[in-house]
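Only a predicted model underlies this, so the values are computations on that prediction, with no experimental measurement involved.
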Amino acid sequence: MRLLLIEDDDRLAGPITEGLARYGFTVDRARTGAAGLEGAAGDPDLVLLDLGLPDMDGLDVCRRLRARSAIPIIMITARGEEADRVVGLELGADDYVAKPFGVRELVARIRAVARRAAGHLAPAADAPVSAEMPSASMAGAGPQRLGVLEIDRRTREVRLGGCEVALSPREFDLLAYLAQDPGAVHSRQQIMDTVWDPHFFGPTKTLDAHVAALRRKLGDPAWITTARGVGFRLTVPAGQTGDGSPPKAVS
């Protein structure tokens, strides 16, 4: 599959191109909106379009591409606000991924868009990927209970003391991964490779931000403790066991 990447930032374009090449994609790159419109005339299979271009807004590029072609478009941007996503999709983009993201996520989105293109595209050939989330093997099991915390991998729902906790997809994946072995320390690299992607490119503090968000949503920072210099572990805080007994993991 031949892709056209319209991205002016070399720091992002390089890792994207290299990462996608590992999955068997051929990537042509345009640094401006004008060059991207010209490159699209070469009939690539799919366009990866950044919104923050130096010569024109990526939304205008999307509008012009869609006016003349049904080529699938995935927007890649730092604009994560709902309004930007809605505008982009209404202009004809097929999908939208906000930075930072991992190559594995991008590949999954490319393949999904390819499948939705009603046979216009062939899915990319299989390529080596990192280990899947261990929680996938537990998808058919019942909810896991850790004190007052309940994690249902089948429905991707989390409840704390019977009340639902609203988590983003990545927050849920992080929590489910740590809950695979409560009390065990998971290194930062293990977490990034499994919950994100071995080829993840983005702020190195993204894991800390997600841990902080989880602690806040769980209402007690003691749910996720830091092993200094190593990583993180999930534990049941005192008072959260639900039965008045000392904290322990129950699955």
Legend entry - Same apolar cluster: Val185 and Leu207, side chain cutoff 4.5 Å: no
Legend entry - Side chains of Val158 and Glu150 in contact at under 4.5 Å (non-hydrogen atoms): no
Inset, instruction - Could you check if a side-chain atom of Phe232 sits within less than 4.5 angstrom of a side-chain atom of Thr225, using non-hydrogen atoms only? - result: no
Inset, instruction - State whether the side chain of Arg170 and the backbone N or O of Val195 hold a donor-acceptor pair below 3.5 Å, judged by distance alone. - result: yes
Inset, instruction - Working to the nearest 0.5 Å, report the span between CG of Leu65 and CG of Leu37. - result: 5.0 Å
Inset, instruction - Decide yes or no on salt bridge (Lys or Arg N to Asp or Glu O under 4.0 Å) for Asp152 and Arg159, but give the supporting numbers first. - result: CA-CA 9 Å; Asp152 192 330; Arg159 289 181 174 81; 5.6 Å; no
Inset, instruction - Determine the minimum heavy-atom distance between Arg153 and Ala179, stating which atoms define it. - result: NH2-CB, 3.7 Å
Legend entry - Lys/Arg-Asp/Glu bridge criterion (N-O < 4.0 Å) met for Arg156, Asp173: yes
Legend entry - Side chains of Leu51 and Tyr96 in contact at under 4.5 Å (non-hydrogen atoms): yes
Legend entry - Check: Thr26 side chain, Ala21 main-chain N or O, donor-acceptor pair, under 3.5 Å: no
Inset, instruction - Measure the shortest side-chain to side-chain distance between Val47 and Leu3 over non-hydrogen atoms and say whether it is less than 4.5 angstrom. - result: no
Legend entry - Approximate separation, where rounding is to 0.5 Å, of Ile224 CD1 and Leu234 CG: 6.0 Å
Legend entry - Side-chain (Arg2) to main-chain (Asp43) donor-acceptor, under 3.5 angstrom: yes
Inset, instruction - Take Ile16 and Phe101 through the test side chain to side chain contact (heavy atoms under 4.5 Å, CB included) and record every step on the way to the result. - result: CA-CA 10 Å; Ile16 290 176; Phe101 56 88; 4.1 Å; yes
Inset, instruction - Taking all non-hydrogen atoms of both residues into account, name the closest pair between Gln144 and Pro182 and its distance. - result: NE2-CG, 4.1 Å
Legend entry - Atom CZ of Arg64: over 12 foreign heavy atoms under 6.0 Å: no
Inset, instruction - Before giving the answer on salt bridge (Lys or Arg N to Asp or Glu O under 4.0 Å), spell out for Glu171 and Arg216 the whole-Å C-alpha distance, their side-chain angles and the decisive distance to 0.1 Å. - result: CA-CA 11 Å; Glu171 289 166 356; Arg216 183 175 63 254; 5.7 Å; no
Inset, instruction - May I ask you to decide if Ala13's main-chain N or O and Thr17's side chain share a donor-acceptor pair within less than 3.5 Å? - result: yes
Inset, instruction - Kindly say whether Ile6 contributes a backbone atom to a donor-acceptor pair with the side chain of Arg29 at under 3.5 angstrom? - result: no
Legend entry - Side-chain touch Tyr177/Gln190, heavy atoms, less than 4.5 angstrom: yes
Legend entry - Heavy-atom side-chain contact between Ile110 and Leu20 under 4.5 Å: yes
Legend entry - Separation between CG of Leu106 and CZ of Arg111, rounded to the nearest 0.5 Å: 11.0 Å
Inset, instruction - Take Asp95 and Arg109 through the test salt bridge (Lys or Arg N to Asp or Glu O under 4.0 Å) and record every step on the way to the result. - result: CA-CA 7 Å; Asp95 203 353; Arg109 290 179 181 274; 3.1 Å; yes
Inset, instruction - Using atom types as modelled and distance alone, determine if a side-chain donor or acceptor of Asp55 lies under 3.5 Å from a backbone N or O of Gly33. - result: yes
Legend entry - Sidechain-backbone polar pair: Arg215 side chain, Trp223 backbone, donor-acceptor under 3.5 Å: no
Inset, instruction - Could you go through the side chain to side chain contact (heavy atoms under 4.5 Å, CB included) check for Leu174 and Ile191 one step at a time? - result: CA-CA 8 Å; Leu174 174 57; Ile191 297 171; 3.6 Å; yes
Legend entry - Residue pair Ala30 / Ala35: nearest heavy atoms and the distance that separates them: CB-C, 3.8 Å
Inset, instruction - Any chance you could measure Leu175, atom CG, to Lys217, atom NZ, to the nearest 0.5 Å? - result: 11.0 Å
Legend entry - Donor-acceptor contact present, side-chain Asp94 to main-chain Val113, <3.5 Å: no
Legend entry - Residue pair Leu46 / Leu4, side-chain heavy-atom distance below 4.5 Å: no
Inset, instruction - For Leu5 and Val27, work out which heavy atoms get closest and say how close. - result: CB-CG1, 3.8 Å
Inset, instruction - Starting at CD1 of Ile151, measure out to CG of Leu146 and round the result to the nearest 0.5 Å. - result: 5.0 Å
Legend entry - Closest contact, heavy atoms only, Cys62 versus Ala93: SG-N, 3.9 Å
Inset, instruction - Report yes if the side chains of Val61 and Leu49 come closer than 4.5 Å at any heavy-atom pair, otherwise no. - result: yes
Legend entry - Interatomic spacing from CD in Glu7 to CG in Leu48 - rounded to 0.5 Å: 10.0 Å
Legend entry - Under 3.5 Å: donor-acceptor pair, side chain of Arg66, backbone of Ser69: yes
